[in-house]
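All remarks here apply to the structure that follows.
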Number of protein chains: 2
Amino acid sequence: MTDETRSKILAVAKELNYVPNAAARTLKKRESGILGVFLTDFKGDVYGDLLDGMKEVCNGRGYDLIVCSGKRAHRMLPERMIDGAVILDQTFKNEELLKYADRNHKIVVLDRELDHPNINQVLLDNKAGAALAAEYLLEQGHRKIYVVSGPEGSFDSTQRMKAVKMVADRAREAEWIEIAGDFKKSGGERAAEQVIREYSGPAAVFCLNDEMAIGFWNRLEGTGYRIGEHIHLIGFDNIELTNYMQPRLATINYSKRKWGALAAEQLIKILAGEQVEHERIYVTLIKGESVGKI
Amino acid sequence: MTDETRSKILAVAKELNYVPNAAARTLKKRESGILGVFLTDFKGDVYGDLLDGMKEVCNGRGYDLIVCSGKRAHRMLPERMIDGAVILDQTFKNEELLKYADRNHKIVVLDRELDHPNINQVLLDNKAGAALAAEYLLEQGHRKIYVVSGPEGSFDSTQRMKAVKMVADRAREAEWIEIAGDFKKSGGERAAEQVIREYSGPAAVFCLNDEMAIGFWNRLEGTGYRIGEHIHLIGFDNIELTNYMQPRLATINYSKRKWGALAAEQLIKILAGEQVEHERIYVTLIKGESVGKI
DNA sequence: TTGTAAGCGTTATCAT
DNA sequence: ATGATAACGCTTACAA
């Protein structure tokens with residue numbers, strides 16, 4: 001076909017408002033050119049940058065990205081509406097993901113360890129982060145340390161808690177007290193109530209995510225207990241809100257954008273048939289006046 | 001078909017891991033059962049509740065919801081990957097939306113006025129909100145009032161600014177000063193610099209969204225100027241972060257969840273062929289110590 | 001009730 | 001290079 005006829009056809013196509021039909025194309029080509037990311041819900045401060053990172057990589061590689069949430073949407077993967085999935089979503093059971101992987105669907109998990117040739121892991125270095133936080137509290141001289149966990153069964157919570165226990169085992173001079181949380185503000189608030197109830201002198205609190213640290217913080221307002229003075233607080237995630245807290249909340253930081261970008265890259269690679277290794281996202285400690293010296 | 005044979009077939013289907021193919025179904029039925037919502041980007045605190053509200057309604061009505069961002073994704077509408085779209089996305093031009101509407105695609109817009117039989121509007125009552133804020137500043141005795149606008153061409157900014165001007169026209173005793181902003185933190189910071197430069201006594205500032213108010217606030221940290229004392233600040237949106245600012249940021253509130261839910265409902269109605277009116281989301285004033293009395 | 005066939009809008013294959 | 005045709009996997013309409 002000459003360039004001339006080509007442009008003529010394109011002109012007529014535009015003239016007639018021709019638009020290709022995605023379903024037909026997908027049916028025939030047996031691929032949609034769309035990647036899906038699954039979130040437990042749309043709330044939560046962590047997601048913005050992560051999704052932007054994913055989008056950037058996807059679009060640069062010729063893929064569209066769609067964001068889904070809720071059990072109903074799961075079928076998009078087995079029904080082949082999407083070519084592959086990134087999972088950051090508790091509502092997916094391991095069993096379900098393995099079933100899809102067995103049927104040759106390609107998956108990247110961000111929230112669990114799961115071994116399968118069609119599943120790649122891009123995980124936070126939770127253990128390093130939690131150890132960093134726990135050791136920071138010790139270094140600052142704290143000897144009574146509360147640790148507020150996430151919900152039962154959360155991978156992040158389990159990993160972080162494990163690392164804390166490793167540190168605790170080596171630092172027997174400190175008293176370590178575990179409080180069951182939920183990764184939500186309400187869990188932080190409840191933890192604050194317990195800590196206040198048991199208060200008998202300076203205490204440190206490691207909330208296993210920032211969201212709970214904020215709830216904790218909030219519950220302390222107006223009680224007379226001051227953060228960084230009576231009660232010392234550190235979180236995990238470095239969500240944006242922490243930048244605007246006075247005194248600054250100490251926390252664990254990592255690049256959410258890079259996390260998303262890497263996840264998308266890995267997914268696209270395994271879709272192209274490349275063999276890839278699991279990846280790890282590194283974390284750093286952010287010190288803050290919310291943790292004082294004793 | 002008897003119930004017995006039905007369940008037999010289902011059993012065999014499960015046995016063979018049969019999963020229907022979404023593309024084929026969509027192609028045949030000429031509808032995908034998926035609604036799309038388009039966002040300018042995935043950042044921004046406004047979206048969480050809004051999307052959850054949309055998801056709830058969509059799922060309850062038998063639809064899936066997907067979230068998209070970026071120009072690439074626009075084609076999902078004309079290519080019929082989705083049955084309809086909710087638009088909260090600057091990157092869609094009016095012209096483009098009208099073109100799709102002309103081709104009989106159903107659209108709900110949340111960020112502009114657009115008249116077309118296939119387009120429904122679910123808009124914030126921006127004017128009422130901005131008037132509420134401006135009048136609140138006057139009531140509190142302020143007579144020097146800065147107004148920090150959003151980016152050029154933003155519908156929300158234009159509407160809010162119009163309402164402020166209406167109030168200003170009736171309150172000539174006050175001095176009204178407009179500062180060009182961008183709805184981002186950086187715009188608030190720049191505005192703060194100007195206000196500090198020109199400072200000669202108590203001033204009030206109406207940032208046309210909370211994001212800029214936060215930037216403004218942040219820029220004031222460590223300058224000696226205190227919010228609610230030297231400089232009085234009010235925002236718009238009541239994003240979650242404002243709950244954690246001390247003193248509390250005055251702002252304009254509305255239910256983001258209801259906004260999303262209503263948008264989804266309207267879209268589903270017009271897809272069902274129902275005739276619907278445009279809708280309005282009402283707003284309320286939230287007072288806060290960020291605005292003191294003079 | 002059951003089975004058969006046509007067709008949705010593309011892309012890919014095969015002759016011409 | 002060009003044009004005709006089959007096939008993707010499903011739904012539906014109609015025939016048996």
Side-chain angles (χ1 to χ4, degrees), chain A residues 1-36 58 61-66 68 72-85 99-106 118 268 271-273, chain B residues 1-36 61-64 66 68 72-85 99-106 118 268 271-273:
Chain A
M1 189 195 298
T2 69
D3 274 0
E4 191 192 355
T5 51
R6 152 175 257 98
S7 61
K8 231 177 217 168
I9 290 176
L10 256 27
V12 175
K14 177 156 280 182
E15 173 86 11
L16 300 178
N17 282 329
Y18 169 77
V19 180
N21 178 294
R25 187 193 330 112
T26 300
L27 180 59
K28 182 64 195 176
K29 299 187 71 171
R30 301 161 142 278
E31 62 185 37
S32 65
I34 300 174
L35 304 184
C58 287
R61 302 280 211 292
Y63 281 95
D64 270 316
L65 177 70
I66 66 175
C68 309
R72 250 199 90 87
H74 290 198
R75 62 197 180 91
M76 297 215 182
L77 185 59
E79 294 188 356
R80 303 187 164 282
M81 177 101 304
I82 56 178
D83 293 344
K99 186 175 71 185
Y100 298 149
D102 275 338
R103 296 183 196 157
N104 206 30
H105 295 291
K106 311 301 186 189
N118 287 327
I268 291 168
L271 281 169
Chain B
M1 189 194 296
T2 69
D3 274 1
E4 191 192 358
T5 52
R6 155 176 255 97
S7 61
K8 230 176 217 168
I9 290 176
L10 255 28
V12 176
K14 179 154 278 182
E15 173 86 12
L16 300 178
N17 282 331
Y18 169 77
V19 180
N21 179 294
R25 190 198 323 117
T26 299
L27 181 57
K28 181 62 195 178
K29 298 187 69 171
R30 303 160 140 276
E31 63 185 39
S32 65
I34 300 173
L35 303 184
R61 303 279 211 292
Y63 281 96
D64 270 315
I66 66 174
C68 309
R72 250 197 89 87
H74 290 199
R75 61 195 181 91
M76 298 219 182
L77 185 59
E79 294 187 356
R80 303 187 163 280
M81 176 101 305
I82 56 179
D83 293 344
K99 186 175 69 184
Y100 298 149
D102 275 338
R103 296 183 196 158
N104 206 30
H105 295 291
K106 311 301 185 191
N118 288 327
I268 291 169
L271 282 169

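Please read these numbers as outputs of a predicted model, since none were measured by experiment. Here is the naming used below: chain letters follow the sequence lines, and residue numbers restart at 1 for every chain.
For A:E79, the salt bridge (Lys or Arg N to Asp or Glu O under 4.0 Å) partners two or more places apart in sequence, or in a different chain, are A:R75, B:R25. Checked against side-chain contact (heavy atoms from CB on, under 4.5 Å), B:R30 has no partners two or more places apart in sequence or in another chain. In this structure B:T26 satisfies the side-chain hydrogen bond (donor to acceptor under 3.5 Å, both in side chains) test with no other residue, sequence neighbours excluded. Taking A:K99 as the reference, A:R103 meet the side-chain contact (heavy atoms from CB on, under 4.5 Å) condition, with sequence neighbours excluded. In this structure B:K28 satisfies the side-chain contact (heavy atoms from CB on, under 4.5 Å) test with no other residue, sequence neighbours excluded. With sequence neighbours excluded, the residues that form a side-chain hydrogen bond (donor to acceptor under 3.5 Å, both in side chains) with B:Y100 are B:E96. In this structure B:R80 satisfies the side-chain contact (heavy atoms from CB on, under 4.5 Å) test together with A:N21, B:H105, sequence neighbours excluded.
Consecutive pairing runs in DNA chain C reach the stem threshold at C:3-16 with D:1-14, where a stem means at least three Watson-Crick or G-U wobble pairs with distances under 3.5 Å.
Across residues 13-35 of chain B, B:L27, B:K28, B:R30 each have a non-hydrogen atom less than 4.0 Å from an atom of DNA chain C (numbered order).
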